[in-house]
Amino acid sequence: LISGDKNSASNVFEQFTTTHELGQFYRKIFVPSMTKIGDLWEEKKLGVAAEHIASNVAQNLIKNITETNTNNGKNGKVLLTTPQGENHSIGCDVLESFLQNKGFTVFNLAPSTPAKYLVEFMKTSKPNSIVISVTLEENLRSANRLINKIREKSKKIPIFIGGQALESSTRIKFGAKIVEKFSDFN
């Protein structure tokens, strides 16, 4: 990913998925690779340019995987988003690909969706559930405000929150189910 080699990334995906399901690719290959890249960047062992190249190759791969999904969305509607201020959207992109492959209609509003517009979109899209992805800890309070705004309009809709920001210990109480691992969606 860091070298920018889109073809090699596609080859890894194609070879792995000849014997494994899409969810396993994301859990065993993709998510650990992106986590490692993020860790290297955070430890200042990887520059911003290399991290951006890896992220762009990753997003390109997800886009290609998603475009090949032909499931019809008969399993319900899921709205994906990040809170305002959160510009990392790969988590939502991975979930969009995975859930679409599982037969869901997916509305991906990431990145950095203001609560007002998300609530407005809910009225027309009528999702069955909402998933909020948060990568940076500094965006957890924004995520909590987003959940509170959603709850003002709909007390019953299932809301799930997950992402790397929730891996560290947090004292924030969310009005949503915390998803600790990608495999919890399977």
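Bear in mind that the values here come from a model prediction, so they are computed numbers and not experimental data. Note: hydrogens, waters and symmetry copies are ignored here, and every other heavy atom, side chains too, is used.
Going from atom NE2 of His88 over to atom CG of Leu136 covers 5.0 Å, rounded to the nearest 0.5 Å. Summarising the geometry, atom CG belonging to Leu109 is positioned 11.0 Å from atom CE belonging to Met122; distances are rounded to the nearest 0.5 Å. In this structure, the separation between CG on Leu95 and CG on Asn108 is 9.0 Å, given to the nearest 0.5 Å. Interatomic distance, Glu21 CD to Lys28 NZ, rounded to the nearest 0.5 Å: 10.5 Å. Distance CD/Gln100 to CG/Leu22: 10.5 Å, rounded to 0.5 Å. Taken to the nearest 0.5 Å, the OG atom of Ser89 stands 10.0 Å off from the CD atom of Glu96.
Between Gln84 and Asn139, the closest heavy-atom pair is O-OD1, 4.2 Å. When all heavy atoms of Ser133 and Gly91 are compared, the pair lying nearest together is OG-CA, 4.1 Å. Nearest heavy-atom pair, Phe13 versus Leu61, reported as atom, atom and distance to 0.1 Å: CB-CD1, 4.1 Å. When all heavy atoms of Phe16 and Gln24 are compared, the pair lying nearest together is CE2-C, 3.6 Å.
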Does Ile157 form a side chain to side chain contact (heavy atoms under 4.5 Å, CB included) with Ile150? I'd like the steps, not just the answer. CA-CA 9 Å; Ile157 191 163; Ile150 294 167; 4.0 Å; yes
For a side chain to side chain donor-acceptor pair (under 3.5 Å) check, start with the C-alpha distance between Thr113 and Thr81, then their side-chain angles and the critical distance, and finish with the verdict. CA-CA 7 Å; Thr113 309; Thr81 192; 2.8 Å; yes
Dump the intermediate steps for side chain to side chain contact (heavy atoms under 4.5 Å, CB included) on Ile161 and Leu166, then the final yes or no. CA-CA 8 Å; Ile161 184 168; Leu166 287 123; 3.8 Å; yes
Could you please spell out the steps behind the side chain to side chain contact (heavy atoms under 4.5 Å, CB included) verdict for Leu140 and Phe174? CA-CA 9 Å; Leu140 288 172; Phe174 295 100; 4.0 Å; yes
Does the side chain to side chain contact (heavy atoms under 4.5 Å, CB included) test come out yes or no for Thr66 and Phe98, once each step is laid out? CA-CA 8 Å; Thr66 303; Phe98 176 76; over 6 Å; no
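With sequence neighbours excluded, no residue forms a side chain to side chain donor-acceptor pair (under 3.5 Å) with Ser142. Legend: residues meeting side chain to side chain donor-acceptor pair (under 3.5 Å) with Glu51, ordered by chain and number and at least two apart, are Ser55. Every side chain to side chain contact (heavy atoms under 4.5 Å, CB included) that Glu14 has, sequence neighbours left out, goes to Ser10, Asn11. Residues satisfying the side chain to side chain contact (heavy atoms under 4.5 Å, CB included) test with Ser125, not counting sequence neighbours, are Leu79, Phe107, Phe121, Pro127. By the salt bridge (Lys or Arg N to Asp or Glu O under 4.0 Å) test, Glu43 is found to be paired with Lys45, residues two or more places apart in sequence or in another chain being considered. Looking at residues two or more places apart in sequence or on another chain, you find a side chain to side chain donor-acceptor pair (under 3.5 Å) between Ser8 and Asp5. With sequence neighbours excluded, the residues forming a side chain to side chain contact (heavy atoms under 4.5 Å, CB included) with Lys63 are Glu67, listed by chain and number. In terms of the side chain to side chain contact (heavy atoms under 4.5 Å, CB included) criterion, Lys44 has no residue partners (sequence neighbours excluded). Contacts of Asn101 classified as side chain to side chain donor-acceptor pair (under 3.5 Å), with partners at least two apart in sequence or in another chain: Asn69.
For the salt bridge (Lys or Arg N to Asp or Glu O under 4.0 Å) condition, no pair includes a residue of residues 104-128, sequence neighbours left out. Residues in residues 74-91 take part in no salt bridge (Lys or Arg N to Asp or Glu O under 4.0 Å) pair, two or more places apart or across chains.
Counting only distance, with no hydrogens or angles, the side chain of Asn56 and the backbone of His52 share a donor-acceptor pair below 3.5 Å. The backbone N or O of Gly85 sits less than 3.5 Å from a side-chain atom of Ser112, completing a donor-acceptor pair. With hydrogens and angles disregarded, no donor-acceptor distance shorter than 3.5 Å links the side chain of Asp93 to the backbone of Gln59.
Its side chain within the 4.5 Å cluster rule, Val48 clusters with Trp41 among the Ile, Leu, Val, Met, Phe, Trp and Tyr residues.
Just one of Asn144, Val179, Ile159 meets the side chain to side chain contact (heavy atoms under 4.5 Å, CB included) condition when paired with Ile132; it is Ile159.
Around atom CZ of Arg141, no more than 12 heavy atoms belonging to other residues, nucleotides or ligands sit under 6.0 Å away.
Residues Phe30 and Ile62 are in side-chain contact: their nearest non-hydrogen atoms beyond the backbone lie under 4.5 Å apart. In this structure, Asn87 and Thr82 have side chains that are not in contact, with every pair of non-hydrogen atoms separated by 4.5 Å or more.
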